[in-house]
Amino acid sequence: MIGALRFQQIIYMKKSSYPKIGIRPAIDGRLGGVRESLEERTMQQARAVAAMFAAELRYPDGSPVECVIADTCIGGVREAADCADKFKLSNVGVSLTVTPCWCYGSETMDMDPHTPKAVWGFNGTERPGAVYLAAVLAGHTQKGIPAFGIYGRDVQSADDTKIPADVREKLLGFARCGLAVALMRGKSYLSIGGTSMGIAGSIVDLPLWEKWLGMRVEAIDMTEVAGRMSKGQYDAAEYEKALSWVKANCPEGKDYNSVEKTRDRKQLDAEWQDSVKMALIMRDLMVGNPKLAEMGLGEQAQGHNAIAAGFQGQRQWTDHFPNGDFPEAILNSTFDWNGKRAPYIVATENDALNGAGMLFGNLLTHSAQIFADLRTYWSLDAIQTASGEKLSHPLVADGILHLINSGPAALDGTGEQTDADGKPTMKPFWDISDAEVEKCLKATTWHPSITEYFPGGGWSTRYRTRGGMPATMIRLNLAGGLGPALQIAEGYTIDLPDKVHDALDQRTNPTWPTTWFAPILTGSGAFRSTYEVMNHWGANHCVMTCGHVGHLYITLASMLRIPVYMHNVSEDRVFRPSAWNAFGTADLEGADFRACANYGPLYGKA
């Protein structure tokens, strides 16, 4: 039997297995004075970028991102090939070429078609780094291997080794998105169950995951969860620890069931027990657990190498067993009975498209994500009619959107974490204080689920997101004949007066968490009004990511060849491969669609 230590090595992604950023210092290869004069300056540029990445970027476990620099400057095809060999051995998943000078474009370029790549050409007049940038980007475009071009706005002197702010922003944005691409590749989406209530997003589309994201889909029946519950195939000691933690930290709220549908205390206690077991089992199914190997369950100990999952729940499960709300909410949060940790991405109702969106947001920001129904558009007039109060708010133009859902609305979504200015935010787990964890828990109440919806019982999460948080709402959709396409809406969470909130919130299920969201309006297209944002939304679900990170979603989508057909990100923040310019510069949305269609999904034609 394979021992527990071996399973620990198999199951958990160790720091050494994370993809690295490869840095390629390109140089003018002419010996006899030219190359020699540029060696140190070129390598210094590479080392400066590597140091910046290590200081600013983290892997999902919080450790600094690692960079691999080519052993020599790259002046021709032999050194380019040597660099490529080193990158393969070093698990490089993102490629950046840097240079302060002219180089031989097609002889020095990175030819790997699956690795996100960029080129930083130093803007100086002594040596034409920008000329090389233009030449090599032309080669990338001609060969159909898109690359991002990075070129500083201001001219620098040849001995100026500082990375300008505009260059820094593009380098970091490219690296964050490139690492997201690399971290997905080779992992799994675990579909626990099948289609939920006819929701199209839960019809799991294999080509999306395989061709666009480089992942596989693992599918299991929900009876696997039931079987492990009945057979005790989970860590019993951790179960007792988790149940004690839940009793101490998950306060129960009002039971909104009618007298006839109210469940007794014994039943509610049993539902808590089953909900905790479900959380442990769903996590183990995703990533494995060496403890199971010690119990003689070697196969179960391995998990499914899943970086994201979905749980069908309704109705084949929830008619008979507790719903998935507690396991989904706690797994998607950045903390549990074991302390602070990275979220486990689990999509309610097995909406794999929203699961992909949650995965994107988590890999870009390392923070928890809010899964929600885009339930209602409330105009200012409708708010006044329903509440008797006239709403006036500096961030609300003509109305608000009601984001509400149980399930994987992470507890971080309470907004009880704060930034340096004391404003609500959602942080990576390594930046969250113990006090903030406690605030998130205290701001959340757990209510017996509505029996008519969930005959099998379970618990529903309830909280109200604090207002004033910059946020980005997204949705990945599938269109027949087109493939995936992304929608993005930046905006803010909104605090409503208690009377207004209660009047609106009580009209729907009061046991579910609420986020009031106001998109930033631009006056054109889908963003000419809040109503039109709602009217143009492609599905019933959405993902909310903390921060105005729409530009990162756009960059990531271009790497994956997923077009964006609705966004309110200003043009100066949009960063796509330089090849996109060849598909049109006046109509950028149309150019994005044409470029993505031309190149096809990153990992092969669907």
Side-chain angles (χ1 to χ4, degrees), residues 11-13 18 58-62 176 179-193 196 201-202 204-205 208-209 212-220 278-288 303-313 324-336 340-372 405-413 426-429 461 472-476 486 541-546 549 552-553 556 560:
I11 293 165
Y12 294 105
M13 180 189 286
Y18 284 131
R58 304 280 191 99
Y59 289 122
D61 67 356
R176 284 191 176 95
L179 283 169
V181 172
L183 285 163
M184 286 188 283
R185 188 176 184 183
K187 302 299 185 299
S188 303
Y189 175 84
L190 176 61
S191 174
I192 306 175
S196 175
S202 63
V204 183
D205 185 77
L208 166 68
W209 293 92
W212 274 272
L213 308 187
M215 297 172 60
R216 71 172 69 210
V217 173
E218 290 279 285
I220 62 172
M278 289 167 63
L280 296 175
I281 291 167
M282 289 163 67
R283 180 205 62 195
D284 292 350
L285 284 166
M286 290 179 69
V287 301
H304 290 267
N305 193 37
I307 197 172
F311 182 67
Q312 176 195 332
D325 290 10
F326 173 78
E328 291 163 5
I330 204 67
L331 289 172
N332 278 286
S333 300
T334 54
F335 50 82
D336 59 19
K340 289 168 281 188
R341 45 116 180 109
Y344 297 95
I345 301 300
V346 184
T348 198
E349 295 160 356
N350 197 28
D351 184 346
L353 293 176
N354 233 40
M358 294 168 72
L359 178 59
F360 293 170
N362 173 251
L363 292 176
L364 292 174
T365 66
H366 298 304
S367 62
Q369 307 295 299
I370 294 180
F371 181 115
N405 203 311
S406 198
L411 273 59
D412 304 63
M426 295 165 67
K427 302 177 183 177
F429 77 88
T461 329
T472 303
M473 185 174 73
I474 69 106
R475 172 68 187 184
L476 183 65
L486 187 66
H541 290 154
C542 67
V543 177
M544 197 189 83
T545 305
C546 179
V549 293
L552 295 179
Y553 275 110
L556 174 61
L560 299 170

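The analysis underlying the following values was restricted to heavy atoms, covering all of them including side chains, and did not include hydrogens, waters or symmetry mates.
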(message) Before you tell me yes or no, could you show the steps for Tyr553 and Thr472 under side chain to side chain contact (heavy atoms under 4.5 Å, CB included), namely the whole-Å CA-CA distance, both residues' side-chain angles and the distance that decides it to 0.1 Å?
(response) CA-CA 9 Å; Tyr553 275 110; Thr472 303; 4.2 Å; yes
(message) If we ignore hydrogens and angles and just use 3.5 Å, is the side chain of Asn305 paired with the main-chain N or O of Gly186 as donor and acceptor?
(response) yes
(message) What I'd like to find out is whether the side chain of Met184 reaches to under 4.5 Å of the side chain of Phe360, using heavy atoms alone.
(response) yes
(message) Quick check: closest heavy atoms across Pro60 and Tyr18, and the distance to 0.1 Å?
(response) CD-CE2, 3.7 Å
(request) Taking the side chain as every heavy atom from C-beta outward, state whether Phe326 and Thr461 have any atom pair closer than 4.5 Å. (result) no
(request) Kindly determine whether Asn354 and Leu476 satisfy side chain to side chain contact (heavy atoms under 4.5 Å, CB included), including the steps that lead there. (result) CA-CA 7 Å; Asn354 233 40; Leu476 183 65; over 6 Å; no
(request) Could you grab the distance from atom CD1 of Ile474 to atom CE of Met358, nearest 0.5 Å is fine? (result) 10.0 Å
(request) Determine, step by step, whether Tyr344 and Asn362 satisfy the side chain to side chain donor-acceptor pair (under 3.5 Å) criterion, reporting the C-alpha distance in whole Å, the side-chain angles of both residues, the deciding distance to 0.1 Å, and the verdict. (result) CA-CA 10 Å; Tyr344 297 95; Asn362 173 251; over 6 Å; no
(message) Surrounding CZ of Arg58 (heavy atoms of other residues, nucleotides or ligands, distance under 6.0 Å), is the total greater than 12?
(response) yes
(request) Can you measure from CD1 (Ile307) to OH (Tyr189) and round to the nearest 0.5 angstrom? (result) 13.5 Å
(request) Might you point out which heavy atoms bring Met278 and Gly324 nearest each other, and give the distance in Å? (result) CE-CA, 4.0 Å
(message) If you define the side chain from C-beta out and look only at heavy atoms, does anything of Phe311 sit under 4.5 Å from Thr348?
(response) no
(message) Is it the case that the side chain of Ser333 and the backbone of Ala410 share a donor-acceptor pair, with hydrogens and angles ignored and the cut-off at 3.5 Å?
(response) no
(request) Spell out, as yes or no, whether a donor-acceptor pair under 3.5 Å connects the side chain of Asn332 to the backbone of Val346. (result) yes
(request) Check step by step if side chain to side chain contact (heavy atoms under 4.5 Å, CB included) holds for Val549 and Leu364. (result) CA-CA 8 Å; Val549 293; Leu364 292 174; 5.9 Å; no
(message) Assess, by modelled atom type and distance only, whether the side chains of Ser188 and Glu218 contain a donor and an acceptor separated by less than 3.5 Å.
(response) no
(message) Quick one, Leu359 and Met215 - any side-chain contact, counting heavy atoms below 4.5 Å?
(response) yes
(request) Sort and list the pairs that fulfil salt bridge (Lys or Arg N to Asp or Glu O under 4.0 Å) and have at least one residue in residues 352-361, not counting sequence neighbours. (result) none
(message) Is there a side-chain contact between Asn405 and Phe371 in this structure, where contact means two heavy atoms from C-beta onward sitting under 4.5 Å apart?
(response) yes
(request) Could you name each residue pair satisfying salt bridge (Lys or Arg N to Asp or Glu O under 4.0 Å) that touches residues 345-358, not counting sequence neighbours? (result) Asp351-Arg475
(message) I'd like to know if the side chain of Ser191 reaches the main chain of Gly193, judged simply by a donor and an acceptor atom lying under 3.5 Å from each other, with no hydrogens or angles considered.
(response) yes
(message) Test side chain to side chain contact (heavy atoms under 4.5 Å, CB included) on Lys340 and Thr334; report intermediate values, then the result.
(response) CA-CA 6 Å; Lys340 289 168 281 188; Thr334 54; 5.8 Å; no
(request) Working to the nearest 0.5 Å, report the span between CZ of Arg283 and CD1 of Ile281. (result) 10.0 Å
(request) Might you point out which heavy atoms bring Gly357 and Val543 nearest each other, and give the distance in Å? (result) C-CG2, 4.0 Å
(request) Measure the shortest side-chain to side-chain distance between Leu560 and Leu213 over non-hydrogen atoms and say whether it is less than 4.5 angstrom. (result) yes
(request) With the side chain counted from C-beta on, respond yes when Trp209 and Val204 share a heavy-atom pair under 4.5 Å apart, and no when they do not. (result) yes
(message) Which residue in the set Ile370, Thr365, Leu552 passes side-chain contact (heavy atoms from CB on, under 4.5 Å) when paired with Thr545?
(response) Thr365
(request) For Gln312 and Ser196, work out which heavy atoms get closest and say how close. (result) O-OG, 3.4 Å
(request) Side-chain contact test, heavy atoms from C-beta onward, threshold under 4.5 Å: evaluate it for Lys427 versus Ser367 and give yes or no. (result) no
